[in-house]
> 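Sharing a structure with you now.
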Amino acid sequence: MPRNGKSPLIQQIANKAKATFKNCSPADSKSSSALRSELSALLAELRAADLNISPPKRSSNAAAGSSSAAKAPVSYMHICETDAFSMGVFLLRRGAVIPLHDHPGMNGMLKVLYGKLRIRCFDKQERPENASEAGGGGPSSPSQSLPNSQSPQSEPQSQQAPVWLAVRRSTCELTEHSGPCLLTPLRDNLHQIEAVDGPAAFLDILAPPYDLDEGRDCHYYRVIHPDGGNGNEETWLLEIPQPDEFWCGGEPYPGPQVTF
């Protein structure tokens, strides 16, 4: 809804995202940092009511009221997409998890609209090793750091999958009162998102959008050597196909339309 006679907040956010990411690059200039701060401030104000969405009734385990949401653990409401960024809303059923995945070469902002999310963030540290070559005995061989029971060689279906050295940066829980979660091409680029204590929803901005032709494809990962700390601990990630238990349905977006 419009606030104080201004355009709807989601339109203001879209306008600011377009200005922020039109010349998107990994390196931050003073001007782009200022624009991101302004975009973050707008996102911090956003609530589910601004998009005409609300949590499902307690009796429903679906992310939203439709039958398609009842079948998919996660559903998506598309709002807009340009060459610079895409924006939409993800709705998670109770207990749903968006598996650990990446956003190659992309920036992102996530703002919880309702419910609670637990987010684990990782950074890749170096080029991948081939899982089938992990036991080659070289000084940087991942299998030298993996327990035998978790070694990629014990998983024939994943023998050609790359293994990445990574650092777990943080684990946090966010609600609608939390500020936006930010990621860059180099920082917190991999994350897992889990609905905690009920259904949850969040606005998602990615810049630039996923594009297979440009090498921006989503990859999924599994932690094969978990660390025991709260963050900044090295671990190994095995690149895997999209997990069978995860898929995403579609929902119509009921909020104010965004135009450029």
Side-chain angles (χ1 to χ4, degrees), residues 21 24-28 32-33 36 85-86 90 97-110 117-147 149-155 157-174 180-194 202 204-243 246 248:
F21 298 118
C24 191
S25 65
D28 286 340
S32 64
S33 294
R36 290 181 199 217
F85 77 100
S86 62
F90 283 93
V97 177
I98 300 178
L100 185 62
H101 62 284
D102 64 2
H103 307 81
M106 301 156 72
N107 296 270
M109 292 186 168
L110 176 162
L117 295 179
R118 180 178 296 122
I119 303 177
R120 291 198 303 160
C121 295
F122 294 79
D123 292 347
K124 289 178 179 176
Q125 295 300 291
E126 60 179 33
R127 65 176 181 81
E129 298 280 353
N130 189 290
S132 64
E133 299 172 353
S140 61
S141 172
S143 66
Q144 293 185 349
S145 300
L146 297 175
S149 61
Q150 294 176 329
S151 173
Q153 287 94 324
S154 65
E155 302 182 36
Q157 72 276 16
S158 301
Q159 285 186 358
Q160 299 304 315
V163 177
W164 293 85
L165 178 63
V167 169
R168 186 173 65 150
R169 291 295 184 191
S170 63
T171 298
C172 63
E173 292 187 353
L174 303 178
C181 176
L182 311 178
L183 64 90
T184 74
L186 300 177
R187 182 78 177 189
D188 296 333
N189 193 267
L190 288 77
H191 58 213
Q192 174 182 293
I193 303 172
E194 176 184 1
F202 64 91
D204 189 59
I205 297 176
L206 289 176
Y210 283 114
D211 187 332
L212 231 59
D213 294 335
E214 296 294 329
R216 296 191 299 274
D217 190 14
C218 182
H219 308 90
Y220 294 91
Y221 301 86
R222 181 164 62 83
V223 177
I224 54 177
H225 188 192
D227 66 74
N230 294 321
N232 293 312
E233 296 283 345
E234 286 189 347
T235 188
W236 293 102
L237 304 179
L238 177 69
E239 192 171 318
I240 62 173
Q242 178 174 319
F246 170 72
C248 192

> So which heavy atom on Phe85 is nearest to which on Ile205, and how close?
CD1-CG2, 4.2 Å
> With sequence neighbours excluded, what pairs up with Phe90 under the ring-ring contact (aromatic ring centres under 6.0 Å, His included) test?
Tyr76, Phe202
> Considering non-hydrogen atoms only, spot the tightest contact between His101 and Cys218 and give its length.
CB-SG, 3.7 Å
> Measure the CG-CG distance between Leu237 and Leu165 for me, rounded to the nearest 0.5 Å.
8.5 Å
> If you look at every heavy atom in Met106 and Pro209, which pair is closest and at what distance?
CE-C, 3.8 Å
> Please tell me if the side chains of Trp164 and Leu238 come closer than 4.5 Å, counting only heavy atoms from C-beta onward.
no
> I need the minimum non-hydrogen distance between Arg120 and Val223, along with the two atoms involved.
NH2-CG2, 4.3 Å
> Is any NZ, NE, NH1 or NH2 atom of the basic residue among Asp123 and Arg169 found under 4.0 Å from an Asp or Glu carboxylate oxygen of the other?
yes
> Between Leu182 and Met109, which heavy-atom pair has the shortest distance, and what is it?
CD2-CG, 3.5 Å
> Find the distance between CG (Leu183) and CG (Asp188) and round it off to the nearest 0.5 Å.
7.0 Å
> Could you state the interatomic distance from OG (Ser170) to NE2 (His191), rounded to the nearest 0.5 Å?
10.5 Å
> By side-chain contact (heavy atoms from CB on, under 4.5 Å), which residues pair with Asp102, not counting sequence neighbours?
Pro104, Lys124, Asn189, Leu190, His219, Tyr221
> So how far is it from Glu194 CD to Ile98 CD1, rounded to the nearest 0.5 Å?
11.0 Å
> If you round to the nearest 0.5 Å, how far is CZ of Phe21 from CG of Leu206?
9.0 Å
> Going by the rule side-chain hydrogen bond (donor to acceptor under 3.5 Å, both in side chains), which residues pair with Arg216 if we only count those two or more places apart in sequence or in a different chain?
none
> So, for Cys181 and Leu174, which heavy atoms are closest and what is the spacing to 0.1 Å?
CB-CD1, 3.8 Å
> Taking side chain as C-beta onward, heavy atoms only, is Asn107 less than 4.5 Å from Pro185?
yes
> Please test Ile193 against Val97 for side-chain contact (heavy atoms from CB on, under 4.5 Å), starting from the C-alpha separation and ending with a verdict.
CA-CA 6 Å; Ile193 303 172; Val97 177; over 6 Å; no
> Does the side chain of Gln192 reach to within under 4.5 Å of the side chain of Phe122, using non-hydrogen atoms?
no
> Would you say Thr171 and Arg118 make side-chain contact, with heavy atoms under 4.5 Å?
yes
